[in-house]
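Structure first, then comments.
Both counts, for ligands and for their atoms, begin at 1 and track the order of listing. Predicted model, so just to flag it, every value in this text is computed and none were measured. Residue numbers run from 1 in the order of the sequence given.
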Amino acid sequence: MNILFVSSEVTPFAKTGGLADVSGALPKALAKLGDNVKVVMPRYYRIDRNKLEKLPIALGVDMGSLGEVWCGVYKSTLPKSSVEIYFIEHEGYYGRSGLYDENGVAYEDNDIRFIFLSKASLKLSLALDFKPDIVHANDWHSAPMPILLKTVYENNDFFKNTKSVLTIHNLQHQGFFDKRAMDILGVGWEHFNQYALEALGGVNILKGGIAFCDALTTVSEKYAQEIQTDEYGFGLQEHIKIYSYKLFGILNGVDYEEWNPEHDKYITQNYSVDTLEDKIENKRDLQGIFDLVPSDEVALIGFVGRFAKQKGIELIASCIEGLLQLDVQMVMLGSGEKWAEGFFSDIAKRYPERFGCYVGYSEELAHKIEAGSDMFLMPSLFEPCGLNQIYSLRYGTLPIVRATGGLDDTIVNYDKKSDKSNGFKFYEASAHALYHTVKWAVEVYKDEKDEFVKMQKRAMKEHFSWIDSAKKYQKVYLWTMK
Ligand code: ADP
Ligand code: GLC
């Protein structure tokens, strides 16, 4: 199959979260299975043009009353593969320091920037004479593609047999704009209604994408159920229910080339399930990095993630002082909401011997935290899939998670009698539940060492393969053709 895979972020070129990891890995897995995949993303300012190949292509894109807008195209390949990735070059739209925002404020022309990405991607496949069997869009940024295929391109011969798949990585971000987006999209106003593009008097791009795509997927089975409920639907639950016949949950995989303690290039001491005792060197290293009191015995708990409400940072903040009364140390890496950056930095100043916080983005430190911690905290309020808990499993760093979305699908709660347990889970989204679960996990770590190690080894042997996920996507692709 020819697959045109479009994403607003792709590892290692530009990343703010898990979407980039998925976009860097899934196309490679599909290619390994024999598909012909081309990936498209914007050429953001942070992506060095000198490392890319400039193509002799200029694309003219119809942008409604903005007229025809032209862009260039660069090309490269995904690392360690021959999968081609194309970069849409437009200085005005993408030559900025952020991907979506700056200093926490979203760019006011994000509708234009990402409708442009979608339109330019379709134009590119025409220019390359690459007839896609599947256009695979991700989140609202490329959700205009399924909309365009069923409207503007409805009678276009080139796309006659093209089907579209839209993957929701996070329902919270929907691409909600005022009516000018209709003009930029160029689709007829008959689609400005509550079953397609209209919401609250404005234009909801994800909502339109959900209506028009041939298949809708999300990144875990649990989340596929959750988004049809009032609690997790972010206002689109009823809309999604209408289209549940074409909704599939497919869990993300892990790129074990990147996330594997056996050959992780960032960590002090490589280790495997057979040399688990070597993991301690990474704990000592981590304690050193954050200037914590050196101790092999204390339970070291890590956190890596966006400082966003989604990640349960408010729950952590509410009980942090209680948590730090336990025999624990904690390290946090993240950035995002300003209050949280200030709050956790302040806690680090007050408890320097047992709490460390690094505000910012660091690939290296993320790996060091995975390897050096005994446990990994992910108390998310919602989590479509979540990658860090799955990375943690491979590092023998037992996840403590709230039972939601992909966290619930991947983590099996500790039970001495079970031979499947691989972490600790709580259900209620409360600081109380979080605190007591951490306390329990620390007790198991201290008092039931053998059980803890058994779980670590079990976790390290688990395998969340991208090939398995890619096979499921292929089934969905075929389903759209029936
Ligand atoms: P989300 O996409 O919602 O942010 P995921 O768990 O799917 O959550 O993926 C997050 C990815 O981003 C992981 O690869 C994680 O290691 C990485 N990440 C998040 N914040 C940081 C940070 N501050 N520094 C380094 N990596 C980070
Ligand atoms: C989103 C979700 C996260 C998921 C990632 C990749 O950003 O918040 O749970 O793992 O996308 O699919």
Starting from atom 24 (N) of ligand 1, which protein heavy atom do you reach first, and at what distance in Å? Ser362 N, 3.1 Å
Does the ring center of His367 lie less than 6.0 Å from the ring center of Tyr391? no
Please confirm whether Phe382 and Tyr232 have ring centers closer than 6.0 angstrom. no
Measure from the side-chain N and O atoms of Asp133 to the backbone N and O of Met1, and report whether any donor-acceptor pair falls under 3.5 Å. no
Any ion pair linking Lys309 and Glu314 (charged N to carboxylate O, less than 4.0 Å)? yes
Is the closest heavy atom of Gln389 to ligand 1 under 4.0 Å? no
So that I know where these two stand, are His436 and Phe426 an aromatic pair - ring centroids less than 6.0 Å apart? no
Which of the numbered atoms in ligand 1 are under 4.0 angstrom from any heavy atom belonging to Asn388? 6 (O), 10 (C), 13 (C), 15 (C), 16 (O)
Rounded to the nearest 0.5 angstrom, the CD-CG distance for Glu370 and Leu333 is 10.0 Å
Ala20 contact mode with ligand 1 (heavy-atom cut-off under 4.0 Å): neither
Where ligand 1 meets Gly334 - atom numbers and elements under 4.0 angstrom, heavy-atom basis: 23 (N)
Within the structure, is a non-hydrogen atom of Gly17 found at a distance of less than 4.0 Å from ligand 2? no
Closer than 4.0 Å to some heavy atom of Gly305 - which atoms of ligand 1 meet that? 19 (C), 20 (N)
Enumerated ligand 2 atoms positioned under 4.0 Å from heavy atoms of Val219: 12 (O)
Would you check the N or O atoms of Asp21, main chain and side chain alike, for any that come under 3.5 Å of an N or O of ligand 1? yes
What pair of heavy atoms forms the shortest contact from Pro399 to Ser392, and how long is it? CG-CB, 4.2 Å
Under 4.0 angstrom from ligand 1, any heavy atom of Tyr391? yes
Taking only non-hydrogen atoms of Cys385, do any sit less than 4.0 angstrom from ligand 1? no
So is Gly360 in contact with ligand 1, going by heavy-atom distances below 4.0 Å? yes
N/O of Asn170 under 3.5 Å from N/O of ligand 1, yes or no? no
Looking only at protein heavy atoms, what sits closest to atom 12 (O) of ligand 1 is Lys15 CE, 3.5 Å
Is it the case that ligand 1 has an N or O less than 3.5 angstrom from some N or O of Gly18? yes
Between Phe13 and Phe87, is the ring centre distance below 6.0 Å? yes
Shortest protein heavy-atom distance from atom 27 (C) of ligand 1, along with the residue and atom involved: Tyr361 CE1, 3.4 Å
Has Arg113 got its NZ or CZ under 6.0 Å from the middle of the six-membered ring of Tyr94, at an angle within 45 degrees of the ring axis? no
State whether the shortest distance between N or O atoms of Gly386 and N or O atoms of ligand 2 falls below 3.5 angstrom. yes
Counting from 1 in the order shown, the ligand 1 atoms closer than 4.0 Å to a non-hydrogen atom of Gly17 are 2 (O), 4 (O), 11 (C), 12 (O)
Can you say whether the rings of Tyr414 and Trp440 are parallel (under 30°), tilted (30 to 60°) or perpendicular (over 60°)? tilted
Quick test: of every protein heavy atom, which one is nearest to atom 8 (O) of ligand 2, and how far off is it to 0.1 Å? Gln310 NE2, 3.0 Å
Once rounded to the nearest 0.5 Å, what's the spacing between atom CD1 of Ile301 and atom OG1 of Thr397? 11.5 Å
Taking all non-hydrogen atoms of both residues into account, name the closest pair between Ile316 and Met332 and its distance. CD1-CE, 4.2 Å
Any idea which protein heavy atom is nearest atom 5 (P) of ligand 1, and the distance to it? Leu387 N, 3.7 Å
N or O pair under 3.5 Å between Arg306 and ligand 1: yes
Among protein heavy atoms, which lies nearest atom 3 (C) of ligand 2, and at what distance? Glu383 OE2, 3.3 Å
Close-contact set for ligand 2 against Val22 heavy atoms, below 4.0 Å: 6 (C), 12 (O)
Please confirm whether the ring centroid of Phe344 lies under 6.0 Å from the ring centroid of Phe307. yes
So the atoms of ligand 2 within less than 4.0 Å of a heavy atom of Gly18 turn out to be 5 (C), 6 (C)
Give me the atom names and distance for the closest heavy-atom approach of Ser81 to Lys28. CB-CD, 3.5 Å
Ligand 1 versus Lys311, non-hydrogen atoms closer than 4.0 Å: side chain, backbone, both, neither? side chain
What part of Asn252, side chain from CB on, backbone N/CA/C/O, both or neither, has a heavy atom under 4.0 Å from ligand 2? side chain
Greater than 12 external heavy atoms within 6.0 Å of Tyr45's OH: no
Sub-3.5 Å N/O-N/O distance, Cys385 and ligand 2: yes
Of all the non-hydrogen atoms in the protein, which one sits nearest to atom 1 (C) of ligand 2, and at what distance? His169 O, 3.0 Å
Aromatic contact between Phe234 and His173, with the criterion being ring centroids under 6.0 Å apart: yes or no? no
Below 4.0 Å, non-hydrogen atoms only: which portion of His169 touches ligand 1? Side chain, backbone, both or neither. neither
At under 4.0 Å between heavy atoms, what of Asn170 touches ligand 2? The answer is side chain
Geometric cation-pi criterion, Arg394 with Tyr256: 6.0 Å, 45°: yes
